[in-house]
Structures are given as structure tokens and as C-alpha cells.
Participant: 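First the structure, then my questions, so here it is.
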Amino acid sequence: MTSLPSGSPVPRRSLTRRLLATLAAAALALGLAAPLAATAATTPTPSPSAGAVAPTLTAAPAGNGILRAGETLAVLTTLTNSGGATVSAASVSLSIGATPLADDAALTRWLSGDASGVTLQQIATGNLDATAPAAQTSVSFTVQGTDPALLGRGAGVYPVLAQTGGGASLQAPTVVVVPADGASTPLAVVVPITAAPRTGGLLTADELADLTAVDGALSAQLDAVDGSVATLAVDPAIPAAIRVLGSSAPPTAVAWLKRLLALPNDRFALQFGDADLSAQIRAGVTTPLAPTSLQSYMTASDFTQPVSGVTTPSPSASTAPGQPSFPDLTALLDIGSADQNVFWPATGSVDGSVVSALGSLGSDAAPTRILVASSNLAGGAATATAAVGGVATPAYDAEVSRALTGAAAENDTARRGAALAAVSGHLAFARTGADDRPVLAVLDRGTDRSRVSLRATLGALASAPGYTPSTFAAIASAPLTDVSLAEATPDAVRAADVADLLTDEDTIDRFATILDQPELLTGRERAEILQVLNVAWTGDAARTAVAAHRSATQTTLDSVGILSSDFRLVSSSAPLRPWVRNDLPWPISVVLRAQPDDVRLRVQADTPIDAQASANTRTEVPVEARIANGEVNVSMQLYSPTGELIGARQDVQVEVRAEWESIGLIVFIVLVVVFLGIGVLRTVSRRRRARGAEAHVSTPSDAEQVGQD
């Protein structure tokens with residue numbers, strides 16, 4: 001193989017040997033095994049079949065794409081074959097731009113595959129082996145810092161392209177950054193501590209056990225931020241889910257919560273369930289929704305003894321031995337020492353109404369601060385100290401944040417390295433403003449992030465040249481700069497969803513008056529609504545989540561009803577005996593109101609009923625019939641003790657035969673009289689016959705009398 005004078009590819013004959021040699025080359029050149037960076041754009045090769053998946057090419061510069069003067073440029077180029085046919089061996093070349101890219105927009109265009117206006121110089125060539133299906137093949141390029149192609153380059157973000165030769169060309173655009181000198185710029189990052197979106201009100205014990213295990217997603221999040229100065233945006237539903245379990249909480253979840261509370265990082269609370277703030281306000285909510293009660297998630301036997309560091313009883317809780325001592329709502333939602341009145345709406349959703357509504361919630365001691373994407377501002381300039389109408393709206397750099405979020409979601413080393421190079425490029429452009437202007441970035445919501453991806457992403461920020469790690473609180477406390485919001489496109493469907501959910505909640509509030517503790521039902525409903533409004537629910541998934549919850553709400557409303565059948569009344573008074581069905585897990589108190597549609601039947605109007613939990617309870621409704629025949633319709637309806645309609649109306653047909661009792665009695669009496677009369681007559685007749693016979697025997701005949709004479 002003949003190498004170009006300006007650089008030499010490292011040959012590879014197997015994936016394992018290629019990766020080992022790549023790591024060795026990077027360690028020798030840079031002194032450490034750094035994450036690799038760049039974004040990948042590909043041109044598909046002809047498909048062997050209509051359903052084939054095209055291979056992709058990724059180029060990842062070492063050291064997150066940072067190239068200082070005199071350093072060796074190392075780029076790992078990887079071909080990934082996700083199709084079902086082998087990709088033939090091909091030559092590959094590496095080129096670099098003659099001049100740096102102009103700005104963020106040019107960088108975005110370049111990484112998306114638009115090479116217009118870019119002049120490239122080839123600096124190395126190599127070969128990629130044939131790649132089997134579901135496999136990768138790599139080649140590592142190294143170009144010495146003394147190479148003429150690298151010497152004398154000024155600070156800037158330079159385009160780099162890896163490209164295969166032969167038939168169909170695969171391209172992988174990336175960048176390297178020659179850092180600029182100058183004063184360090186404060187850089188703060190906000191990291192969400194959240195779980196995957198859900199429709200249930202709280203995480204279950206099994207879910208918590210999985211998430212807080214050594215390899216769990218929540219554990220990975222704490223591992224990534226531990227030791228950093230990242231500001232944490234914590235969903236309070238997670239600590240609450242652990243605390244409501246009391247002594248039955250999984251040990252790993254208890255340890256996770258203690259670790260969260262012990263971290264020194266600045267933090268603020270997201271809305272419960274990370275609910276969509278903008279959608280609530282556009283639906284007419286003046287104060288963001290918050291949980292009202294989590295009592296229904298707690299079991300008395302789990303709170304006879306407090307769990308150290310997890311449960312804190314309310315000040316008024318009973319301390320009698322053996323009696324449960326439940327934590328109050330504030331204790332359940334506690335995330336540790338946190339900044340107040342900090343709000344993080346969904347990216348790109350903020351408009352004037354959102355700023356106005358949230359701004360009114362602040363105070364002199366804790367003014368409102370609303371995180372806004374720079375793309376949400378007029379002009380799109382990132383200003384971490386921005387204010388709209390006097391309300392602090394710290395603007396995070398949208399491009400940097402998008403690249404960070406993409407890198408954190410990449411669990412493949414090559415693709416993650418590609419994304420981190422893009423992060424370095426956008427960070428370089430973020431410093432082109434005033435030297436003392438701080439930069440704010442966020443790791444947007446996501447749950448498919450590995451421990452390695454998160455740590456590599458935050459590590460890239462911590463080591464970014466020209467930046468000094470800072471905190472959100474430090475940046476947000478700087479003097480404010482007035483800005484204007486760009487026109488936002490309201491999500492009318494999402495706002496309508498909120499309105500529908502709140503209408504259903506009002507119905508549940510009225511329905512819950514059948515309980516001695518209505519908060520058992522109303523608190524659960526509010527928690528589930530907030531989870532359904534999670535900002536991670538978007539598009540069709542959001543519609544499905546809302547529909548599923550509304551269906552579940554209707555099931556709850558249908559969980560109490562009347563079970564009865566038609567009835568025949570054959571006496572002047574007898575009770576109707578309907579059943580009250582209660583599918584709720586709590587006992588209820590209702591009033592059964594019955595109303596006949598005919599005066600031939602008199603029914604007791606109201607019958608109070610205490611129905612057992614998850615059971616059918618039999619009741620008796622006194623009924624009195626008048627002397628008449630016919631069918632009478634009796635309408636039965638359940639009401640709560642406060643007069644709210646409960647369940648559906650039940651109509652029962654009562655067949656009235658009220659005179660049958662009198663007729664039967666008369667017939668019986670007549671029969672008795674007849675039988676008694678017959679008996680008397682027979683007795684009298686028998687006695688007469690008996691006396692006649694006796695008289696005949698005792699009286700002599702005429703002949704006998706003459707003989708005696």
C-alpha cells in the first residue's frame with residue numbers, strides 16, 4: 001500500500017484489531033483515550049432488495065474534535081452495515097476544509113450534507129474491508145501536526161469529510177475545532193433527572209427497582225452528574241414514588257434517594273411528572289397544576305416505623321405505638337435544597353402568555369426564572385441573562401443544547417463521538433459574542449441514555465477549551481438584558497387536551513364525594529393528569545396517552561352502579577332488593593333514590609347505603625301497593641351524600657297484583673266456612689241417623705204387643 005506524504009491510514013484486517021489500534025493511536029497522539037466526535041451524513045448504496053437498509057459512514061475526530069496547534073489529527077472512520085448483504089471493500093479518503101466555517105448556520109448546513117461553498121483538501125487515504133451484515137469496519141487516519149495541511153491554521157471550526165470511493169459514494173461530514181485564545185467564558189448546563197413518560201400517577205416498586213439498579217437509567221443519571229457542577233432539574237414525582245412506599249420501598253431506590261439528596265449540585269424542581277407548562281397556560285390555567293394528595297398510594301402497614309432519610313411524618317401525625325405516621329405532601333415531594341420559581345417549559349413553546357402567567361408567580365425573595373431556547377427569541381441569539389417584560393428568561397443555546405442532547409442519546413461510540421465534535425463546533429461559535437457573556441446549555445429530556453454516554457457528554461462540556469464551568473444560579477443572577485420573543489406556534493391540540501382532562505377532573509371531584517376521604521380519588525386523578533401532560537409525550541403518542549387516561553377516567557365513573565331486575569309484587573307491601581355495585585377499592589356512601597311513575601305504587605324515596613369496597617352490596621327499598629293491578633316503572637338513581645349524580649339510572653318494571661292478597665284471604669275463608677259447614681252438616685246427619693236407628697230397636701212391634709196381652 002502506498003501512503004500519501006501528508007498522512008497515512010492505519011490498515012485493519014478485523015474489527016477487534018482495528019479498534020485496538022485506533023485506541024492506541026489516539027492515546028499516543030493525545031495522551032488519553034478521548035471520546036470521538038462528528039455527525040454522520042450518508043449517501044446510500046444501491047440496495048440488493050427493496051427492503052434493504054443502506055450502510056452508513058461515520059467520521060469521529062479524537063479529543064471531541066479539538067485540534068490544537070502542533071497536535072496530530074486522528075479520525076476514526078467507521079462503516080456500519082445494518083443491511084442483509086455484505087458491503088464490498090472500498091477505498092476511503094479524508095479531506096479538510098481550506099477555510100473555517102462562518103457561523104452556526106454554516107456548521108448546521110455542513111453537518112447535514114450541504115457542502116456548497118466549501119473547498120476541501122485531501123490529506124489521507126485508506127481502505128475499508130468488506131463488511132458483513134450487522135457488522136462494522138473501521139479505518140483510522142492520523143495526520144501529523146507538522147503536516148503542511150495543518151500548519152498555520154487559525155482559530156475556527158474546520159469542515160472535515162471522510163468519503164468512500166468506487167461505485168456509490170458514502171460521505172461522513174464532521175468538524176475539527178482550532179480553539180481561540182481569550183478570556184474564559186462561564187458555561188452552565190442543566191441536566192434533567194427524570195424517568196420515562198407514563199400514564200400512571202407514580203412509578204411502581206418494580207419500576208423503581210429496575211431504574212435504581214446499578215445499571216438502571218436513574219442510577220446512570222446520578223453517576224453522570226456526580227462530581228460535576230451541573231444544575232439538576234428534578235422531577236419531584238420520583239422522590240415521591242419512593243417515599244409513598246415507606247418501609248416497602250426497594251433498597252436500591254432508598255439508596256438512590258439518599259444519594260440524590262446528598263449531592264451538592266444546585267437544583268430546582270420540574271413540574272410534577274414534568275408536565276407541559278405552556279399547554280396548561282394556553283388552556284386557561286392561571287397557576288400551574290400541582291399534586292393535591294398522594295394518600296391513595298400509601299399503605300398504613302408501611303408507615304408504622306419511619307424509614308430513615310426517606311419518610312418524614314407530618315408535624316401533626318400520630319406517634320402512638322403501632323399507628324401509621326404518614327408524611328405530608330411537602331415531605332413527599334422534597335428534592336433537597338432547591339431554587340424556587342424556576343420553570344422549564346417544553347423547548348420552543350414559550351410565548352408572551354406563558355411569560356406573563358409564570359412571571360406573576362415570583363416574589364422579591366424568589367423571582368421567576370423561565371428557561372427559554374435561544375431559537376424562541378427574536379433574532380435567535382443565545383442570551384443567558386435575557387429578560388422579557390421584566391421577567392428573567394435565561395436563554396440556553398439551542399444549537400449547543402441540541403448537539404448535547406444528541407450526543408447523550410448515542411450509545412454507539414462512533415456516532416457519539418461524531419455528535420461530540422458537533423458540540424465542540426457549536427461551543428466555539430457560542431464564544432464569538434462578548435468575552436464576558438455567559439453561555440447556558442441544557443441536556444433536554446430523554447431516557448435512553450447510557451451511563452457512558454452521559455458521562456462522556458458532560459465531560460466534553462467540562463473540558464471545552466475557553467470555558468469555565470459555572471452554575472445556572474450564578475449565570476441567572478447576572479444583570480438582565482431585555483430581549484423579545486419570536487412568534488411561537490401554539491399547540492392547539494395539546495391545549496384542548498388539557499381542557500378536556502380538566503373537565504374530566506371536575507367530574508371526578510364530584511364523583512369522589514361518595515368517599516369518606518375524597519382525596520383518595522381526586523389526588524390520584526390529578527397525579528395521573530400531570531403524568532399524561534409530560535413534555536416527553538408528543539405527536540401520536542401524546543394523543544394515545546390522553547385517550548387512554550380519559551377512557552380510564554370513564555371506567556372509574558362507571559365503577560359504581562345499580563344491579564336490579566324486574567319485580568312482581570303480590571302483596572300490599574314488600575321490599576325491592578337491588579344491589580349496589582362498587583368496583584372501587586374503598587367503601588362508599590351513597591343514597592338510592594327511587595321514583596315510581598304511577599300512584600298505584602308507593603316507594604320509599606331515599607335509602608342511604610354504605611357499600612363495601614370491591615363488592616356488591618344488597619339493600620332493601622320498602623314498597624307499598626294500592627288496591628290495583630298493572631305494571632309500574634320504578635326509576636332508581638344513586639346520589640352522593642352531597643347530591644351529586646352517581647352512575648347511570650336504572651329502571652325496573654314492577655308488576656303490581658296488590659288485590660291477590662285480599663282475594664286469596666277471602667277464598668281461604670270461604671273454603672274454611674264451606675268445609676266447616678259440610679262437616680257440621682255431616683255430623684248432624686250422622687247423629688240423626690244414629691238416633692233413628694236406636695228408636696227403631698227399642699220400640700216393640702204391634703204383634704209382639706198383642707202376644708203379651
Participant: Taking side chain as C-beta onward, heavy atoms only, is Thr231 less than 4.5 Å from Val189?
Facilitator: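 In short, these two side chains do not touch, never coming nearer than 4.5 Å.
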Participant: Ring-plane angle category for Phe268 and Phe472, please: parallel below 30°, perpendicular beyond 60°, tilted otherwise.
Facilitator: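 Aromatic pair Phe268/Phe472 classed tilted.
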Participant: side-chain hydrogen bond (donor to acceptor under 3.5 Å, both in side chains) with Asp226: which residues, sequence neighbours excluded?
Facilitator: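 Checked Asp226 against side-chain hydrogen bond (donor to acceptor under 3.5 Å, both in side chains); matches are Arg259.
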Participant: Sub-3.5 Å donor-acceptor pair from the side chain of Ser424 to the main-chain atoms of Asn64, do we have one?
Facilitator: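 Looks like yes, one N/O pair under 3.5 Å.
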Participant: Report the distance from atom CG of Leu289 to atom CG of Leu502, rounding to the nearest 0.5 Å.
Facilitator: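 Separation between the atoms: 5.5 Å.
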Participant: Would you say the side-chain atoms of Gln531 pair up with the backbone N or O of Ala527, donor to acceptor, closer than 3.5 Å?
Facilitator: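 Such a contact is absent between Gln531 side chain and Ala527 backbone.
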Participant: Test of understanding: with salt bridge (Lys or Arg N to Asp or Glu O under 4.0 Å), list the residues that count as partners of Asp397, not counting sequence neighbours.
Facilitator: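 Per chain and number, Asp397 pairs via salt bridge (Lys or Arg N to Asp or Glu O under 4.0 Å) with no residue.
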Participant: Between Arg416 and Glu410, is there a side-chain N and carboxylate O pair less than 4.0 Å apart?
Facilitator: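 No.
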Participant: Check this for me, if you would: do Asp215 and Arg451 make a salt bridge, where the nitrogen-to-carboxylate-oxygen distance has to be below 4.0 angstrom?
Facilitator: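 So Asp215 does not pair with Arg451 through a salt bridge.
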Participant: Would you say Asn411 and Val452 make side-chain contact, with heavy atoms under 4.5 Å?
Facilitator: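 Of all side-chain heavy-atom pairs linking Val452 with Asn411, none is under 4.5 Å.
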Participant: Looking at Ser219 and Ala213, would you say the former's side chain and the latter's main chain have a donor-acceptor pair under 3.5 Å?
Facilitator: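 Yes; judged by distance alone, with no hydrogens or angles, the pair exists.
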Participant: For residues Ser353 and Ser356, is any side-chain donor paired with an opposing acceptor at under 3.5 Å?
Facilitator: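 Looking only at side-chain atoms, Ser356 and Ser353 do not form any donor-acceptor pair under 3.5 Å.
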Participant: Can you tell me if Asp444 uses its side chain to pair, donor with acceptor, with the backbone of Thr405 under 3.5 Å?
Facilitator: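 Checked: no pair found.
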Participant: Distance-only, no hydrogens or angles: does the Ser349 side chain make a donor-acceptor pair with backbone N or O of Pro345 under 3.5 Å?
Facilitator: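 Checked: no pair found.
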Participant: Nearest heavy-atom pair of Ala275 and Leu530: which atoms, and what distance?
Facilitator: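 Minimum heavy-atom contact is CB-O, 3.6 Å.
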Participant: Would a distance-only check, ignoring hydrogens and angles, find a side-chain to backbone donor-acceptor pair under 3.5 Å from Glu71 to Arg68?
Facilitator: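 Yes.
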Participant: Around Asp103, counting heavy atoms of other residues, nucleotides and ligands shown, do more than 12 lie under 6.0 Å from its CG?
Facilitator: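 Yes, CG of Asp103 has more than 12 neighbouring heavy atoms, counting only those of other groups under 6.0 Å.
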Participant: Looking only at heavy atoms, what is the nearest atom pair of Arg494 and Ala279, with distance?
Facilitator: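 What the structure gives for the nearest pair is CG-CB, 3.5 Å.
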Participant: Provide the closest heavy-atom pair for Leu329 versus Thr292 in the form atom of the first, atom of the second, distance.
Facilitator: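 Closest approach of Leu329 to Thr292, heavy atoms only: CD2-O, 3.7 Å.
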Participant: Looking only at heavy atoms, which two atoms of Gly425 and Val157 are closest? And how far apart?
Facilitator: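 For Gly425 versus Val157, the nearest heavy atoms are O-CG2, 3.8 Å.
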Participant: Considering all heavy atoms of both residues, which atom of Val229 and which atom of Ser470 are nearest to each other, and what is their separation?
Facilitator: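 Looks like CG2-O, 3.5 Å.
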Participant: Show me, pair by pair, the donor-acceptor contacts under 3.5 angstrom made by side chains of residues 369-386, not counting sequence neighbours?
Facilitator:
| unit_1 | atom_1 | unit_2 | atom_2 | d |
| --- | --- | --- | --- | --- |
| Ser374 | OG | Ala398 | N | 2.9 |
| Asn376 | OD1 | Val350 | N | 3.1 |
| Asn376 | ND2 | Val350 | O | 3.1 |

Participant: Below 4.0 angstrom, N of the basic side chain to O of the carboxylate: do Asp339 and Arg267 qualify?
Facilitator: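 Salt bridge absent between Asp339 and Arg267.
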Participant: Suppose we screen for salt bridge (Lys or Arg N to Asp or Glu O under 4.0 Å). Which residues come up paired with Asp351, at least two apart in sequence or across chains?
Facilitator: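 Partners of Asp351 by the salt bridge (Lys or Arg N to Asp or Glu O under 4.0 Å) criterion, ordered by chain and then number, come out as Arg282.
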Participant: Can you tell me if Arg153 uses its side chain to pair, donor with acceptor, with the backbone of Val178 under 3.5 Å?
Facilitator: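 No; zero donor-acceptor contacts below 3.5 Å.
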Participant: So which of Thr347, Asn534, Asp274, Asp235 actually passes side-chain hydrogen bond (donor to acceptor under 3.5 Å, both in side chains) with Arg445?
Facilitator: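 The residue from Thr347, Asn534, Asp274, Asp235 that satisfies side-chain hydrogen bond (donor to acceptor under 3.5 Å, both in side chains) with Arg445 turns out to be Asp274.
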Participant: Side chains of Trp256 and Val254, heavy atoms from C-beta outward: is any pair under 4.5 Å?
Facilitator: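 No, side chains not in contact.
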Participant: Checking Thr468 side chain against Ser184 main chain: does a donor-acceptor pair fall under 3.5 Å?
Facilitator: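 No, the answer is negative, given that no donor and acceptor are paired below the 3.5 Å cut-off.
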Participant: Could you grab the distance from atom CG of Leu211 to atom OG1 of Thr252, nearest 0.5 Å is fine?
Facilitator: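 One finds 9.5 Å between CG of Leu211 and OG1 of Thr252.
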Participant: Taking Leu533's backbone N and O only, do any of them form a donor-acceptor pair with Asp276's side chain (distance below 3.5 Å, no angle check)?
Facilitator: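 No, the answer is negative, given that no donor and acceptor are paired below the 3.5 Å cut-off.
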Participant: Could you grab the distance from atom CG of Leu107 to atom CG of Leu101, nearest 0.5 Å is fine?
Facilitator: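 The CG atom of Leu107 sits 6.0 Å away from the CG atom of Leu101.
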Participant: Quick check: does any side chain N or O of Trp110 sit under 3.5 Å from a backbone N or O of Thr174, one acting as donor and the other as acceptor?
Facilitator: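 Checking the backbone N and O of Thr174 against the side chain of Trp110, a donor-acceptor pair under 3.5 Å is found.
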Participant: Give, for atom CG of Leu454 and atom CZ of Arg449, the distance between the pair rounded to the nearest 0.5 Å.
Facilitator: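 With rounding to 0.5 Å, CG (Leu454) is 6.0 Å from CZ (Arg449).
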Participant: Rounded to the nearest 0.5 Å, how far does CD1 of Ile242 lie from CG of Leu257?
Facilitator: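 Result: 4.5 Å between the selected atoms.
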Participant: Checking side-chain polar atoms at under 3.5 Å, does Ser116 have a donor or acceptor matched by the opposite partner on Asp114?
Facilitator: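 There is such a pair (donor and acceptor under 3.5 Å, judged by atom type) between the side chains of Ser116 and Asp114.
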Participant: Do you know which two heavy atoms are closest between Ile475 and Pro186, and how far apart they sit?
Facilitator: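 For Ile475 and Pro186, the tightest heavy-atom pair comes out as CD1-O, 4.5 Å.
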Participant: With a cut-off of 3.5 Å and sequence neighbours excluded, list every side-chain donor-acceptor pair involving residues 358-365.
Facilitator:
| unit_1 | atom_1 | unit_2 | atom_2 | d |
| --- | --- | --- | --- | --- |
| Ser360 | OG | Ala357 | O | 2.7 |
| Ser363 | OG | Ala366 | N | 3.0 |

Participant: With rounding to the nearest 0.5 Å, note down the distance linking CG in Leu260 to CD1 in Ile238.
Facilitator: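 Leu260 atom CG to Ile238 atom CD1 measures 8.5 Å (nearest 0.5 Å).
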Participant: Among residues at least two apart in sequence or on other chains, which ones pass salt bridge (Lys or Arg N to Asp or Glu O under 4.0 Å) with Arg198?
Facilitator: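 Here the qualifying residues are Glu207.
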